[in-house]
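Note sheet for the following structure.
Sequence lines set the chain letters: A, B, ... in the order given, protein chains first and strands last, and positions in each chain run from 1. Just so we're clear, the structure is a prediction, and the values are computed from it rather than from any experiment. Hydrogens, waters and symmetry mates play no part in the numbers below; they use all other heavy atoms, side chains included.
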There are 2 protein chains.
Amino acid sequence: MRGARASGDDERVKAALYIERASASTVTRLSGYYRILGEFEAENLETIASERLAERAGVSSAQVRKDLSRFGNFGRRGLGYNVAQLRQRIAGILGLTQHWNVALIGAGNLGHALFSYKEFPKQGFHIEHVLDADPAKIGTAWNGVTIVHVGELPRLARDGKVDIVIVAVPVHSAQTVVDLAVSSGIRAILNFAPGKLATPDGVTIRHVDLSIAMESLSYALVK
Amino acid sequence: MRGARASGDDERVKAALYIERASASTVTRLSGYYRILGEFEAENLETIASERLAERAGVSSAQVRKDLSRFGNFGRRGLGYNVAQLRQRIAGILGLTQHWNVALIGAGNLGHALFSYKEFPKQGFHIEHVLDADPAKIGTAWNGVTIVHVGELPRLARDGKVDIVIVAVPVHSAQTVVDLAVSSGIRAILNFAPGKLATPDGVTIRHVDLSIAMESLSYALVK
DNA sequence: AGATGTGAAAGTTTTCACAGCC
DNA sequence: GGCTGTGAAAACTTTCACATCT
């Protein structure tokens, strides 16, 4: 616990100390603020109060202020937050100022939809590799990207060409693919196969489970 | 607060009183248990202890018991839960014993992937209508389902042909489509467009936001 | 003995409310 | 006067631990 002086310099203390990882819900809200700030920027707003940001995001203004103050003192009392500046700060926090190399595994319908998803490149996520196990697909290309065998993943990862892997394969091969990604040194995975998949510590996996989403709707409908 | 006797008949009291809606995380876990119970059923297991179920679901056994006890006393002390029975109970809670009519709005890449998604019909979600605004698409068919104009939604809804709407349109038309769905009387929406969308009370909306999922990965990667 | 169901405790997240700065 | 930043309070969620039942 060394290094933290008793002085009131919170900014310095915050920068010097290890900041605990934000919770998943904080990060989710941050993503929301980021997008909304883009809208405000397009509307040529210079500054914005937490109240207005909160309104659009569908949360309380205290929540907005707490979320932001976790990462620094971005606002100015009496004024609010500078729209462009805050957006840039959040981009930095979320890692959206970088170029991320993404490998998509699974060249089926879902894979194709993800490959064509326009928002990804806008946020710095570039699907530069498409992999599959089906010999019929290997060698064909999507918009200039040639589909290669999933066995190539370790090589691509070793050459530093993959930051994030998207798993869009059928459920029965999902765990195998995830294991391959992990053993290749990948540390971030977006999984579309239903069910929890085992990953060691240090590997972040996010699940997009369409069945669960639908089930929560049917739960809402069934009286 | 009438009707609840001081007797120990908890089952009766539970059935008589209004049970508050479960939280989103409870419902999510329930979906997970449901799938895992299907696996256990395939393995021909008769009964299962919360401990084993918890292990596969990646939660604590106390969590499993708390989640389940919320809806009734499904287990037998000393024995565990009957696999088939519990699965059936959860199906009832989540509304998976019914046939749900789903209308898909947006016949693009993503729409097509969702239309082809094999898990949906298995859970009782049947995409029986596909709608779009593009005149070039209207009249063409996907696997026997003819694409109709989005303006048909109120009529389909009025005829009781739509329980759930999936919104897979570009972000700029998402709010319009959601408004149309709401005014048509739809009460459950699965939205794939980025950003929060306004819905009145009584309408449940779930968001699948791919950008947010990716951003939470990049947050994990960026030191 | 074995495993559920559940109050009580612990932990986490959100809201409140206001001191402090612009 | 306006609005942030933040401790304290409230609400919610998860875990503990054990009485209770088979």
Side-chain angles (χ1 to χ4, degrees), chain A residues 7-15 17 19-30 32-33 37 40 45-83 85-86 89-90, chain B residues 7-15 17 19-30 32-33 37 40 45-83 85-86 89-90 93 216:
Chain A
S7 96
D9 194 342
D10 294 294
E11 199 78 275
R12 279 247 299 288
V13 171
K14 225 171 219 171
L17 292 175
I19 298 184
E20 226 171 85
R21 298 271 77 189
S23 73
S25 21
T26 304
V27 175
T28 299
R29 285 192 302 268
L30 234 41
Y33 305 155
L37 288 165
F40 283 134
L45 277 169
E46 181 118 356
T47 59
I48 193 75
S50 61
E51 189 65 47
R52 298 255 286 126
L53 185 46
E55 192 184 9
R56 281 221 201 169
V59 302
S60 74
S61 65
Q63 182 78 82
V64 169
R65 294 196 301 276
K66 256 263 155 53
D67 285 341
L68 296 177
S69 73
R70 203 172 184 308
F71 298 97
N73 296 356
F74 302 148
R76 293 224 285 152
R77 291 167 199 235
L79 267 174
Y81 302 86
N82 177 295
V83 172
Q85 205 172 79
L86 180 58
R89 296 273 210 150
I90 296 180
Chain B
S7 95
D9 194 342
D10 294 293
E11 199 79 273
R12 279 246 297 291
V13 171
K14 224 171 220 172
L17 292 176
I19 299 183
E20 226 170 86
R21 299 268 80 188
S23 72
S25 22
T26 305
V27 175
T28 299
R29 284 191 302 267
L30 235 43
Y33 305 155
L37 288 165
F40 283 134
L45 276 169
E46 182 118 357
T47 58
I48 194 76
S50 59
E51 189 64 47
R52 298 254 285 129
L53 185 45
E55 191 183 10
R56 280 221 202 171
V59 301
S60 74
S61 65
Q63 182 78 82
V64 169
R65 295 196 299 279
K66 257 264 155 52
D67 285 341
L68 297 177
S69 72
R70 200 170 187 308
F71 297 97
N73 296 355
F74 301 148
R76 293 224 285 151
R77 290 168 200 239
L79 267 174
Y81 302 86
N82 177 295
V83 173
Q85 207 172 78
L86 181 58
R89 297 273 210 150
I90 296 179
I93 294 165
S216 98

Please give, in whole Å, the distance from D:dC18 C1' to B:Arg65 CZ? 11 Å

Which listed nucleotide (D:dC16, C:dA3, D:dG5) is nearest to the side chain of A:Asn73? D:dG5

Using a heavy-atom cut-off of under 4.0 Å over every strand shown, decide if B:Ser50 touches base, sugar-phosphate, or nothing. sugar-phosphate

Closest to side chain of B:Arg77, choosing from C:dG2, D:dT13, C:dT6: C:dG2

Provide, to the nearest angstrom, the distance between the CD atom belonging to B:Glu20 and the C1' atom belonging to D:dC12. 11 Å

Whole Å only: how far is the CG atom of B:Leu86 from the C1' atom of C:dA3? 14 Å

Between NZ of A:Lys66 and C1' of C:dT13 the distance, given in whole Å, is 10 Å

Figure out the CZ/P separation between B:Arg70 and C:dT4, and round it to whole Å. 19 Å

Output the single nucleotide from D:dT6, C:dT4, D:dT13 whose closest atom is nearest the side chain of B:Ser23. D:dT13

Roughly how many Å is it from CD1 in B:Ile48 to P in C:dA3, rounded to a whole number? 11 Å

Heavy-atom nearest nucleotide on DNA chain C taken for B:Tyr81 and for A:Arg29; more 5' hit belongs to B:Tyr81

Think B:Gln63 has a side-chain N or O under 4.0 angstrom from the OP1 or OP2 of D:dT13? no

Separation of A:Leu79 atom CG from C:dG20 atom C1', in whole Å? 15 Å

